[in-house]
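Accompanying notes for the structure given below.
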Amino acid sequence: MNNIIVYIETQEGKIADVSLELLTKGRTLSKRLGCRLEALIIGESVEFHKDELFAFGAEKIYIAEDPRLKFYTTLPYSAITIALFKEGKPRIALFGATPQGRDLAPRVSSALSSGLTADCTSLEIGDHKEPRGEKEYKDLLYQIRPAFGGNIIATIINPDHRPQMATVREGVMKKESLPVAVNGEVKRINTTKILTAPDFIVEIIERHIEERKIDIKGAPIIVAGGFGVGSRENFGLLSELAKVLGGEVGASRAAVDAGFAEHARQIGQTGVTVRPKLYIAAGISGQIQHTAGMDQSAMIISINSDPDAPIHQIADYAIVGDLNEVIPKIIRAYKNNSK
Amino acid sequence: MRRSFKIVVLAKQVPDTRNVGKNAMKEDGTVNRAALPAIFNPEDMNALEQALRLKDRFPGSKVELLTMGPPRAADIIREGLFRGADGGILLTDRKFAGADTLATSYALSMALKKMNPDIIISGRQAIDGDTAQVGPQVAEKLSLPQITYVEEIGELCNDKFTLTRRLDNGVEVVRTPFPVVITINSSAPACRPRNAKYLMKYKHARTLTEEQDNEHNSYLPLLSLDYLRITEWSVSDVGGDESSYGLSGSPTKVKKIENIVLQAKESRRLTSEDKDIDELIKELISLHTIG
């Protein structure tokens, strides 16, 4: 088929946003390459998702339904994906960089001996000439990602192996449905032909969905709020920005003491010390006990309506303004400017 | 029946990219590698702890480390020995160099076939690439199940382990037979500290390469003790298809590397006007700070 295929992940009966973002990106890539955009969806009962996939531009949807596939487990899901890729020979295969995608994609790439680039932040089509000019390649997938702890940006290519596989984190690409859905086709995969008993040796015995543990130290981007945020509800705005940028929410001691945020998010002398790539301080005055925990951040943006707030002194970019006005503008500007 | 296991921990020596201060970048904006110490990959430490806990629970079990890297990566094996591992193997050969995750997992899987463990444990991902690919790829090459994002190795019942996986949005408990490949999250317990007794016992543990290196010659008399020899394996020791190793075995190629140039610290004042915010975001995207 030499097409582009997107692995569609479902979570609690809903298509993951990242899968729709990848379809959106896939439309641009398939148009550029003049090939078809396809989707693969696996589960117990997933056919009802097809209209949404058509609305996001999938021209052909492969559906693998089986009661044994109700929840994701590595072996049967990878067996189906590998079988489909072997038969269909897609040129590009995209997966969300979710726990599921990061479990599945490497397994598939290993079975097909094809390359895989994790956590791409940008995907483009371009040509490649070997350094000594012995070989030229047309229309490769440029898989662009930060590396080395975010200190370099690498462009990765897979010249000779197919599919060219990449994972992308949620929220990195834009999600946009078509004004008119594609009138596409559905192809059902015969799972009984592919799956065997050994594929089911790992059993799920318990699952529960819950709030994720807070990992503020490891976050590359932190959106932190202080007492000036005003309420727990207003912290929701910070969470939204953190989610869009792929970061975590932090808080000053004053905000934690006021009950706006959990203790695990506290940054400063009495909390954790962080050194993210980007620190956005909103409604934080900039007391030394807070700045001691974040002043080594690679870049600091402060948002405070008080032009004399000390936080502005240590910021690379000091925005004098109301955070309730500024943060929605940042979110909008980010969505408009990324990809 | 009393059980004991042969456990192999996959560990990697990585540049410490977590605490990249301003001095870690040179003036031209390139990475100053000398300012970044080589460390034991943090999640591989969590993996080592899980292996040592299994050894505590199932007496008679053996924990070995397997690492691939230049000769100085023998530090990884020593660090494991200091904390309670029984031995380790360093895969080192110029032919392994330039490997992407696929060629790396091929090399590790060839060594693992020779070691023949019951349980393979590694960190979820290494901080120099954050790919989380090697664990699943090793599992596939050995036709073993893989359980990723594990936080806890629970009870053993009817030859199956109960494992708790920590995912973005919750927890999943699974039951798996072995042999199995398990990757451990940073949310799992931290590794125990070095043990003074093991530190004394293994501080002169050396690879043959290190022994031949002059600066280590002073310990020569001790090297007749078998337990002080860290095993090194080359491509010829693990066999397999030579073209599947290193650069030639790597389907992915780096086309271009862009260094991120850090700007001089100079505060810029902005208003909350749309124009200011829009320019700021464009700048951050072009600097690859976001997006």
Side-chain angles (χ1 to χ4, degrees), chain A residues 74-75 98-99 102-103 106-107 109-111 113-119 121 128 146-149 151-161 201-210 212-213 245 275 277-278 296 299 312 315-322 325-326 329-330 333-334 337-338, chain B residues 17-21 25 31 100 102 105 127-133 136-137 139-141 145-149 166-177 186-187 251-260 262 265 267-272 274 277-278 280-282 285 288-291:
Chain A
T74 311
L75 298 175
T98 58
R102 296 171 113 234
D103 185 86
R107 184 112 192 164
S109 81
S110 174
S113 292
S114 75
L116 168 64
T117 306
D119 298 348
T121 51
H128 176 64
F148 219 74
N151 296 294
I152 58 174
I153 297 291
T155 300
I156 313 287
I157 49 171
N158 312 351
D160 297 308
H161 298 261
I201 55 171
V202 175
E203 316 144 71
I204 297 176
I205 54 181
E206 202 186 314
R207 291 174 85 245
H208 48 267
I209 302 305
E210 56 177 50
R212 150 174 87 99
K213 266 198 191 169
L245 299 178
R275 293 178 177 180
K277 190 167 68 156
L278 173 63
Q296 293 300 305
M299 185 181 285
H312 289 319
D316 300 85
Y317 299 91
I319 304 173
V320 180
D322 178 2
E325 188 189 335
V326 172
K329 283 185 181 177
I330 293 179
Y334 177 70
N337 286 307
S338 64
Chain B
T17 55
R18 290 171 309 175
N19 295 326
V20 178
M25 303 300 279
V31 178
D100 69 0
L102 196 78
S105 48
I127 56 167
D128 57 343
D130 294 328
T131 73
Q133 292 173 3
Q137 288 176 334
E140 193 280 332
K141 299 216 175 301
Q146 74 202 35
I147 315 290
T148 52
Y149 291 83
R166 167 69 56 179
L167 307 175
D168 275 359
N169 57 348
V171 163
E172 191 177 270
V173 182
V174 302
R175 200 177 280 146
T176 181
S186 58
S187 60
T252 59
K253 313 279 175 206
V254 178
K255 177 171 171 64
K256 196 173 83 182
I257 292 282
E258 252 176 273
N259 288 298
I260 299 186
L262 289 180
K265 193 115 180 171
S267 200
R268 266 178 51 194
R269 288 264 160 165
L270 307 172
T271 70
S272 56
D274 287 350
I277 303 287
D278 206 57
L280 167 66
I281 296 303
K282 278 184 181 151
I285 290 173
H288 298 288
T289 301
I290 57 174

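Quick caveat: nothing in here was measured; it's all calculated off a predicted structure. Just so it is clear: chains get the letters A, B, ... in the order the sequence lines come, proteins before strands, and each one is counted from 1.
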With a 4.5 angstrom heavy-atom cut-off, is it the side chain or the backbone of Thr148(B) that approaches chain A, or both, or neither?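 For Thr148(B), backbone and side chain are both near chain A.
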Atom group of Leu102(B) that falls short of 4.5 Å from chain A, counting heavy atoms: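 Only the side chain of Leu102(B) comes within 4.5 Å of chain A.
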As an exercise, state the distance from [atom1] of [X] to [atom2] of [Y], rounded to the nearest 0.5 Å.
| X | Y | atom1 | atom2 | value |
| --- | --- | --- | --- | --- |
| Lys329(A) | Ile281(B) | NZ | CD1 | 12.5 Å |
| Ile290(B) | Ile285(B) | CD1 | CD1 | 5.0 Å |
| Gln133(B) | Leu116(A) | CD | CG | 3.5 Å |
| Asp103(A) | Gln146(B) | CG | CD | 4.5 Å |

Nearest heavy atoms of Pro159(A) and Pro251(B), plus distance in Å: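 Taking every non-hydrogen atom into account, CD-O, 3.6 Å.
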Under 4.5 Å from any heavy atom of chain B, what part of [X] do you find: side chain, backbone, both or neither?
| X | result |
| --- | --- |
| Ile205(A) | both |
| Ser113(A) | both |
| Glu203(A) | both |
| Ile157(A) | both |

Not counting sequence neighbours, which residues clear salt bridge (charged side-chain N to carboxylate O under 4.0 Å, His left out) with Asp322(A)? List them please.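 Partners of Asp322(A) by the salt bridge (charged side-chain N to carboxylate O under 4.0 Å, His left out) criterion come out as none, since no residue qualifies.
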For Arg102(A), check salt bridge (charged side-chain N to carboxylate O under 4.0 Å, His left out) against everything at least two apart and list the hits.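 Listed in chain order: Asp119(A).
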Using a cut-off of under 4.5 Å for heavy-atom pairs, which of [options] has the most such pairs with chain A?
| options | result |
| --- | --- |
| Thr271(B), Val254(B), Val173(B) | Val173(B) |
| Ile147(B), Asp100(B), Asp278(B), Thr176(B) | Asp278(B) |
| Glu140(B), Arg269(B), Gln137(B) | Glu140(B) |

Heavy-atom pairs under 4.5 Å with chain B are the metric here; pick the option from Ser114(A), Ala318(A), Gly321(A) that has the most.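 Looking at each option in turn, the highest pair count goes to Ala318(A).
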Who wins among Asn158(A), Leu278(A), Leu245(A), Asp160(A) for the most heavy-atom pairs under 4.5 Å with chain B?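 The option with the most such pairs is Asn158(A).
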Where the side chain of Lys282(B) meets the backbone of Asn337(A), is there a donor-acceptor pair that is under 3.5 Å apart?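 Flag not set: sc Lys282(B) to bb Asn337(A) has no pair under 3.5 Å.
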